[in-house]
Number of protein chains: 2
Amino acid sequence: MTGHGSNGHGNSKRGRVTLRDVAEAAGTSRSTASRALAGNGYVADSIKARIQEAADRLGYVPDVSARTLKGQSSGLVGLLVSDLRNQFYAQLAAGVEQTLAAAGQQLVLVDDHGSEDQAAAGARAFLSMRAAGVLLAPVGKAATQALVDRGMPVVEVDRRSGVRGCDSVTIDSELGAREAVGHLLARGHRRIAMITDETAWDTGQARLKGYRAAHREAGVPVSRRLVLTLGLRPADPIGDVSAFLDQNPDVTAVFAANNVVGEAVWQELKRRGQRVPADCSLVCFDDMTWMRMVEPGVTAVRQPVYDMGVRAAEMLLKRATGIGGRPAAEVLQPELVERGSTLAVPQR
Amino acid sequence: MTGHGSNGHGNSKRGRVTLRDVAEAAGTSRSTASRALAGNGYVADSIKARIQEAADRLGYVPDVSARTLKGQSSGLVGLLVSDLRNQFYAQLAAGVEQTLAAAGQQLVLVDDHGSEDQAAAGARAFLSMRAAGVLLAPVGKAATQALVDRGMPVVEVDRRSGVRGCDSVTIDSELGAREAVGHLLARGHRRIAMITDETAWDTGQARLKGYRAAHREAGVPVSRRLVLTLGLRPADPIGDVSAFLDQNPDVTAVFAANNVVGEAVWQELKRRGQRVPADCSLVCFDDMTWMRMVEPGVTAVRQPVYDMGVRAAEMLLKRATGIGGRPAAEVLQPELVERGSTLAVPQR
DNA sequence: TGGCGAGATGGGATCGTTCCCATGTGAGAA
DNA sequence: TTCTCACATGGGAACGATCCCATCTCGCCA
């Protein structure tokens with residue numbers, strides 16, 4: 001269907017068809033061929049057609065390396081995420097990819113697995129390939145700083161490292177947490193556990209802040225023992241949750257600070273035969289597929305993750321082309337999706 | 001923490017630090033600097049140290065475009081998937097990324113959204129950037145053919161287009177389907193619906209074949225009306241499933257041919273208040289997070305998706321470096337995970 | 001003492017593209 | 001007739017790294 005099959009050779013040396021080959025085939029110079037294919041500068045229509053035809057016939061594909069070397073953009077945009085296996089980052093990447101593809105740019109994806117070293121390596125790679133810009137979910141300041149220092153356009157996504165000079169697109173974590181916990185408080189819950197897996201990142205901090213703010217607003221004191229921090233990449237999250245619930249049998253509701261924790265909490269509640277929400281209510285930050293599949297559905301703070309990817313990519317593209325003014329910080333709003341996992345506090 | 005902050009300039013022109021700058025700073029020639037940093041050829045230890053120091057001080061980052069242009073590999077590997085938002089492809093990409101990163105290569109991710117045109121555009125981009133190789137989940141023959149014709153190492157993943165000259169890593173879909181349906185037949189089910197969303201790809205075909213084979217083995221005739229094909233990217237899958245169930249009230253079990261369909265079936269069964277498995281059993285091809293979160297858990301054919309990504313990437317790396325012999329076709333085994341969604345056929 | 005080869009360095013060509021500039025047309029104005 | 005200017009084309013120098021090859025200095029052996 002493609003045409004000539006495997007016989008489309010015509011280049012003198014080995015393998016690649018270069019602009020020179022096209023020019024020779026069309027009987028012109030490389031300069032003219034370049035102008036004809038790029039579409040700028042003067043080229044007679046008849047010659048332009050001949051060159052185009054030759055390019056098609058030979059199967060000419062321009063070499064980005066050469067183009068990039070000459071000073072153009074590489075057409076590559078880097079994206080650094082912390083765990084592609086997590087649906088959150090996958091959605092983010094999907095939004096980014098979609099936007100970049102529409103603009104004719106390619107997505108280079110690096111997973112740092114939460115390690116600053118890996119992030120630094122990724123940043124170096126992006127620099128090395130002359131990426132048009134970089135989107136990153138920061139795991140520390142080093143990578144962002146290195147990129148910004150070298151004048152690379154950077155947009156931070158989901159989290160912020162605090163480095164000056166880069167744009168950001170985030171979701172209002174504090175607001176989301178406040179609404180989620182406020183929702184529980186309004187239903188009479190007074191001993192609400194918050195379980196989180198990291199507090200090093202600003203998202204974790206903000207969610208904790210929201211948890212506290214909701215309590216303050218409701219005039220309910222928050223007890224330190226009700227906040228469980230598992231740490232990033234916990235070895236046995238379910239076991240930890242289990243131990244925590246053993247020690248705090250009085251909690252009537254759990255606020256899980258992200259989807260990974262939420263999964264562990266849900267499984268542990270099921271394992272110990274607790275009914276949700278009759279025995280314990282549950283709200284998760286970050287709405288996942290499974291939360292609407294289970295019975296009852298899990299009340300969750302929905303984050304516009306895909307859109308965040310889209311917006312971040314758009315912002316980066318603008319920054320990469322135009323000169324752009326001061327760093328922009330866009331904050332998207334989360335939305336509380338009420339399902340069946342939250343009930344008024346059980347009377348006992 | 002990084003060191004000198006934003007004052008690490010020392011280059012003559014604007015922006016980039018090149019090998020020439022490093023050489024000048026170290027008082028040697030570009031040739032020597034190149035040899036010192038690449039680590040091949042003769043360089044006196046003292047000079048090598050001086051060059052290394054200068055490179056670090058100036059923050060030298062080699063330019064891949066230049067290196068690539070000179071004939072080296074670009075260090076980029078393309079991956080073409082059909083829907084990044086689908087956890088299946090995200091897992092696949094994660095496996096690929098992990099393996100490539102360990103080998104110092106970068107992943108360029110393109111989503112074709114199931115469109116042959118987009119796939120072709122992606123292929124052109126990979127060619128253009130002189131990718132070291134390409135991994136793709138084919139949506140047709142065109143893209144693969146174009147790449148293979150030009151001597152690009154290609155490994156097809158999950159599906160095969162039938163193009164000669166490329167490696168492949170797939171999962172035995174027919175076996176998986178046969179086991180899943182056999183599992184239902186062994187429990188007495190005789191009217192088992194198969195619901196799928198595409199039959200253009202060989203995975204869909206193989207699953208249908210497995211469905212038929214299982215029936216043949218059990219000596220149960222298969223009725224055409226029990227196979228529902230929604231088509232790729234159906235507008236209203238749940239509605240279609242609903243209509244199908246209305247027309248075929250006698251089915252006692254459903255075999256959903258992939259996770260997307262499985263989701264629709266599960267939701268529709270829930271919506272119409274059917275109890276799983278009491279009223280209707282369910283088996284899904286492709287195990288997803290939600291299937292082990294719901295109650296009862298959904299019996300599913302687990303595919304080693306992440307591993308498939310790993311193996312495909314390994315295969316490609318080998319092919320890209322060595323000369324490699326004849327095309328290899330690796331087939332991974334799926335595994336039936338029995339959960340609560342399948343029961344012996346209800347007696348009525 | 002001459003020669004040879006390992007150790008060490010630099011010069012310059014090369015990869016494929018873009019783009020600046022020089023050169024060359026012909027038409028229309030002065 | 002000559003000048004100008006829009007149109008049209010090709011030559012050649014970049015871009016930054018690599019690598020072949022020429023050069024040069026030793027130490028050591030015949």
Side-chain angles (χ1 to χ4, degrees), chain A residues 11-52 54-55 58-76 124-125 127-131 150, chain B residues 11-52 54-55 58-75 124 127-131 150:
Chain A
N11 44 332
S12 42
K13 308 269 170 156
R14 66 206 169 287
R16 297 188 65 82
V17 178
T18 81
L19 194 59
R20 157 174 249 115
D21 298 322
V22 175
E24 265 170 27
T28 61
S29 68
R30 290 160 311 151
S31 309
T32 306
S34 171
R35 257 174 288 130
L37 296 175
N40 43 6
Y42 293 116
V43 184
D45 285 345
S46 61
I47 303 230
K48 182 182 255 173
R50 214 162 69 217
I51 291 171
Q52 188 63 57
L58 299 178
Y60 169 71
V61 178
D63 188 314
V64 201
S65 319
R67 184 176 289 170
T68 304
L69 186 57
K70 190 64 218 294
Q72 320 285 318
S73 159
S74 67
L76 262 30
R124 221 174 310 125
L127 241 13
S128 203
M129 68 182 67
R130 286 214 208 173
R150 284 183 176 72
Chain B
N11 44 332
S12 42
K13 307 267 170 155
R14 65 207 170 287
R16 297 189 65 82
V17 178
T18 82
L19 193 58
R20 158 173 249 116
D21 297 322
V22 175
E24 266 171 27
T28 61
S29 69
R30 289 160 309 145
S31 308
T32 306
S34 171
R35 258 174 287 131
L37 296 175
N40 43 5
Y42 293 115
V43 184
D45 285 346
S46 61
I47 302 228
K48 181 182 256 171
R50 214 162 68 217
I51 291 170
Q52 188 63 59
L58 299 179
Y60 169 70
V61 179
D63 188 314
V64 203
S65 319
R67 184 176 288 169
T68 304
L69 187 56
K70 190 65 218 293
Q72 320 284 318
S73 158
S74 68
R124 220 174 311 125
L127 240 15
S128 202
M129 67 182 70
R130 286 211 208 176
R150 284 184 176 70

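Just so it is clear, the values below take in all heavy atoms, side chains as well, and ignore hydrogens, waters and symmetry mates. Lettering of chains follows the sequences in order, A, B, ..., and the numbering in each one begins at 1.
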Check every atom of C:dG10, D:dG16, C:dT9 against the side chain of B:Ile47 and return the nucleotide holding the closest atom. C:dT9

So which atom in [X] and which in [Y] form the shortest heavy-atom distance, rounded to 0.1 Å?
X        : Y       : answer
B:Leu19  : B:Ser34 : CD2-CB, 3.7 Å
B:Gly41  : B:Arg35 : CA-CD, 3.9 Å
A:Val22  : A:Ile51 : CG1-O, 3.9 Å
A:Gly27  : A:Arg50 : O-NH2, 4.2 Å
B:Ser128 : A:Pro62 : OG-O, 2.7 Å

Any [X] side-chain nitrogen or oxygen under 4.0 Å from OP1 or OP2 of [N]:
X       : N      : answer
A:Ser29 : D:dT9  : no
A:Gln72 : D:dC15 : no
B:Tyr42 : C:dA8  : no
B:Ser31 : C:dT9  : no
A:Thr32 : D:dT9  : no
A:Arg20 : C:dG16 : no
B:Ser34 : D:dT18 : yes

Using atom types as modelled and distance alone, determine if a side-chain donor or acceptor of B:Arg130 lies under 3.5 Å from a backbone N or O of B:Thr68. yes

What is the distance, to the nearest angstrom, from the [atom1] atom on [X] to the [atom2] atom on [N]?
X       : N      : atom1 : atom2 : answer
B:Arg30 : D:dA14 : CZ    : C1'   : 13 Å
B:Arg16 : D:dA17 : CZ    : C1'   : 12 Å
A:Tyr60 : C:dT18 : OH    : C1'   : 10 Å
A:Leu69 : D:dA14 : CG    : C1'   : 9 Å
B:Ile51 : C:dG10 : CD1   : P     : 8 Å
B:Asp63 : C:dC15 : CG    : P     : 18 Å
A:Lys48 : D:dA8  : NZ    : C1'   : 12 Å
B:Asn40 : C:dG7  : CG    : C1'   : 15 Å

Checking only heavy atoms, does the side chain of [X] share a donor-acceptor pair with the base of [N] at less than 3.5 Å?
X       : N      : result
B:Arg35 : C:dG10 : yes
A:Lys70 : C:dT17 : no
A:Thr68 : D:dC15 : no

NA contact type, B:Val43, heavy-atom cut-off 4.0 Å: base, sugar-phosphate, or nothing? sugar-phosphate

Please figure out whether B:Gly27 or B:Ala66 has its closest DNA chain C nucleotide nearer the 5' end. B:Gly27

Starting at the 5' end of DNA chain D, which residue's closest nucleotide do you reach first, A:Ser46 or B:Arg67? A:Ser46

